[in-house]
S.K.: 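The following block contains the structure, expressed as structure tokens.
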Amino acid sequence: MKKNDVVRLKIDDIGVNGEGIGKVDGYTLFVKDTVIGDFIEAKIMKAKKSYGYARLMQILEASPDRVEAKCPVARQCGGCQIQQMSYEKQLAFKERKVRGNLERIGGFAPELLQEVMEPICGMEEPFHYRNKAQFPVGKDKEGNVIAGFYAGRTHQIISNIDCALGVPKNQEIMQLILDFMKEFHIEPYDEETHTGLVRHVLIRYGFRTEEIMVCMVLNGESIPQREVLVERLVKIPGMTSITCNINREKTNVIMGNEIRLWWGQEYITDYIGDVKYQISPLSFYQVNPMQTETLYGLALEYAGLGMDEAVVWDIYCGIGTISLFLAKQAGQVYGVEIVPQAIEDAKRNAKLNGIENAEFYVGKAEEVLPKYYEEYAKTHGGETAHADVMVVDPPRKGCEEAVLWTMVNMQPERIVYVSCDSATLARDLKFLCEHGYELKKVRPVDQFPNTVHVETVVLLSRKTPDDTIEVDLNLDELDATSAETKATYEEIKKYVKEKYQLKVSNLYISQIKRKCGIEVGINYNLPKSENPKVPQCPPEKERAIRDALEHFQMVS
Ligand code: SAH
């Protein structure tokens with residue numbers, strides 16, 4: 001098989017990026033824009049030893065799962081990858097992708113997944129769901145001003161102001177802006193020469209409030225005839241915020257740092273559930289508000305709160321969407337996020353909603369969380385920090401191991417993992433399940449219909465010590481340094497039983513002794529790291545054992 005060969009093949013699989021996969025004489029070909037079941041003619045573009053990439057030339061026989069793409073430029077545009085697949089099949093593909101990764105990377109048994117996986121939450125109407133659009137503005141070959149989307153993996157603009165994923169209002173707004181630019185000869189920005197004025201137009205729409213924001217991203221401070229533009233835009237019902245963003249850098253980054261208000265206010269307001277958010281041009285905000293409500297509703301359900309005193313952590317909290325969702329049913333919520341601006345938004349949104357039990361930390365989760373854990377022990381006489389529920393919603397690369405370790409150490413009863421990449425999700429779940437947790441529920445949510453992306457919400461619960469084999473050694477015999485020990489394990493057990501009506505094992509006593517710096521004997525070397533098979537002493541019992549150690553004057 002070599003470059004430019006034209007071949008015929010049947011597509012019988014789909015890759016992680018939505019591309020069709022088929023074989024010709026045992027040689028695997030990846031063909032974009034095809035659907036399982038298509039019989040096609042394709043031209044080989046790149047040939048490697050055992051596989052290659054081909055370009056779809058002709059569909060000889062269309063798959064029954066193929067539908068006509070709603071958008072005329074679906075094939076060229078880099079935004080949607082699987083618009084030509086029926087929505088039902090898209091959902092099935094995403095479900096399979098999550099299950100496949102959990103099996104292969106996570107090592108979870110198919111029978112277990114059968115039991116814990118709930119059907120994917122799809123959308124009733126898988127189009128026009130995005131509340132945010134960023135249209136690059138440029139020129140076509142004839143020199144006409146156009147706006148649209150970048151072609152896949154390039155910066156060539158495909159003219160299209162009627163994106164099927166965005167709200168229909170975008171078209172009206174963009175047409176108005178393009179007409180205005182033509183009328184007053186305003187130049188779009190040119191990436192090559194770093195000249196021209198209008199780079200992008202950002203539009204945001206509040207689905208609940210119907211408020212609209214327009215932000216003109218400029219390679220300059222303002223625009224000629226600005227009043228005319230504003231006067232025209234404010235006639236559009238719902239217009240709430242008109243601003244410009246100054247970006248004079250030679251960069252791929254869309255937005256600059258400076259916002260100037262042209263009309264109205266700098267932000268629009270919208271809701272997720274009954275939590276209200278103020279969204280400014282630079283704020284991060286989930287782009288599919290309906291499915292976000294579903295996603296975070298599930299996270300809330302899985303968190304199983306309702307306990308007024310629950311201590312909840314929301315790691316990778318962004319603007320605090322999940323934190324604020326959970327705060328109403330928790331005692332205290334702690335959020336951790338790396339972007340300072342997002343934390344400012346989180347704090348402001350907490351205030352806006354009258355939420356006082358949410359606290360936010362700025363920094364890398366892999367640094368903030370372990371540090372919090374260490375500091376807590378130092379300032380609480382060796383007592384370990386505990387959480388009732390921990391939620392994580394990491395970026396695609398998943399959680400750093402330091403985050404996972406600290407979570408395990410904090411022994412939450414439940415962990416809710418919200419993921420946008422099921423491969424790293426599977427890797428992290430494997431770790432957590434090797435360290436005392438078990439998989440209870442998995443539910444994919446289709447946040448981004450017509451693209452290959454899929455979100456997943458997972459519930460893990462802490463295995464009770466009874467689920468593991470309890471190693472109850474006679475530690476009194478093993479303790480080589482028993483001279484130091486002032487009370488025997490039996491005495492400690494008796495004390496705890498009488499005062500607290502709690503049964504504690506030798507293992508738990510030795511764990512707490514060790515935490516307090518009391519030697520537990522060379523023959524009983526507990527592993528430094530938490531061993532998955534060794535149950536960890538719960539906080540309630542830890543407090544009782546510490547009291548006993550104090551009582552017997554073994555710690556001061
Ligand atoms: N639940 C959030 C979105 C989470 S997206 C919301 O609805 O707003 C993942 C978040 O993790 C992003 O906000 C990103 O800025 C943040 N992030 C990325 N790396 C991080 C790290 N090492 N430590 C903490 N936060 C990080």
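The first residue of the sequence shown is numbered 1, and numbering continues consecutively from there. Whatever order the structure lists them in is the order used to number ligands and atoms, beginning at 1.
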S.K.: Of the protein's non-hydrogen atoms, which lies at the shortest distance from atom 22 (N) of ligand 1, and what is that distance?
M.R.: Glu366 OE1, 3.0 Å
S.K.: Considering the heavy atoms of Phe284, write down every atom of ligand 1 situated less than 4.0 Å from one of them.
M.R.: 6 (C), 8 (O)
S.K.: Which pair of non-hydrogen atoms, one from Leu305 and one from Ala330, has the smallest distance, and what is that distance?
M.R.: CD1-CB, 4.2 Å
S.K.: Under a 4.0 angstrom heavy-atom cut-off, which atoms of ligand 1 come close to Lys364?
M.R.: 23 (N)
S.K.: Suppose I only count heavy atoms of Cys317 and a 4.0 Å limit; which atoms of ligand 1 are within that range?
M.R.: 1 (N), 2 (C), 6 (C), 8 (O)
S.K.: Walk me through whether Gln286 and Tyr296 qualify under side-chain contact (heavy atoms from CB on, under 4.5 Å).
M.R.: CA-CA 11 Å; Gln286 294 282 350; Tyr296 292 167; 2.7 Å; yes
S.K.: Would you mind running through ligand 1 and noting each atom that sits below 4.0 Å from a heavy atom of Val339?
M.R.: 15 (O)
S.K.: Quick one: look up the protein heavy atom nearest atom 5 (S) of ligand 1 and list residue, atom name and how far away it is.
M.R.: Asp393 O, 3.8 Å
S.K.: Would you say the side chains of Asn450 and Gln90 form a donor-acceptor pair under 3.5 Å?
M.R.: yes
S.K.: Taking both backbone and side-chain atoms of Ile319, is any N or O found less than 3.5 Å from an N or O belonging to ligand 1?
M.R.: yes
S.K.: Ligand 1 versus Glu400, non-hydrogen atoms closer than 4.0 Å: side chain, backbone, both, neither?
M.R.: neither
S.K.: Indicate yes or no: at least one non-hydrogen side-chain atom of Val391 is less than 4.5 angstrom from one of Val389.
M.R.: yes
S.K.: Of the protein's non-hydrogen atoms, which lies at the shortest distance from atom 19 (N) of ligand 1, and what is that distance?
M.R.: Pro395 CG, 3.8 Å
S.K.: In terms of residue, atom name and distance, what is the protein heavy atom nearest to atom 6 (C) of ligand 1?
M.R.: Thr321 OG1, 3.3 Å
S.K.: Does a donor on one side chain and an acceptor on the other come within less than 3.5 Å for Tyr129 and Gln447?
M.R.: no
S.K.: In ligand 1, which numbered atoms sit nearer than 4.0 Å to a non-hydrogen atom of Gly363?
M.R.: 23 (N), 24 (C)
S.K.: Counting each atom of ligand 1 from 1 as listed, which ones have a heavy atom of Ala365 under 4.0 Å away?
M.R.: 21 (C), 23 (N), 24 (C)
S.K.: Please report whether ligand 1 has a polar contact with Ile338, defined as an N or O pair separated by less than 3.5 Å (distance criterion only).
M.R.: yes
S.K.: Looking just at side-chain N and O atoms, do Tyr417 and Asp428 make a donor-acceptor pair shorter than 3.5 Å?
M.R.: yes
S.K.: Could you tell me if His200 and Tyr189 have a donor-acceptor pair between their side chains, going purely by distance under 3.5 Å?
M.R.: no
S.K.: Can you check ring pair (Phe, Tyr, Trp, His ring centres under 6.0 Å) on Trp313 and Tyr372, steps first, answer last?
M.R.: CA-CA 12 Å; Trp313 282 77; Tyr372 173 90; 4.7 Å; yes
S.K.: Is it the case that the ring center of Phe149 lies less than 6.0 angstrom away from the ring center of Phe135?
M.R.: yes
S.K.: Please determine if Lys132 forms a cation-pi arrangement with Tyr205, meaning its NZ or CZ atom is less than 6.0 Å from the six-membered ring centre and no more than 45° off the ring axis.
M.R.: no
S.K.: Report, in ascending order of atom number, the atoms of ligand 1 lying under 4.0 Å from any heavy atom of Tyr296.
M.R.: 1 (N), 2 (C), 6 (C), 7 (O)
S.K.: Report the nearest protein non-hydrogen atom to atom 13 (O) of ligand 1: residue, atom name, distance rounded to 0.1 Å.
M.R.: Glu337 OE1, 2.7 Å
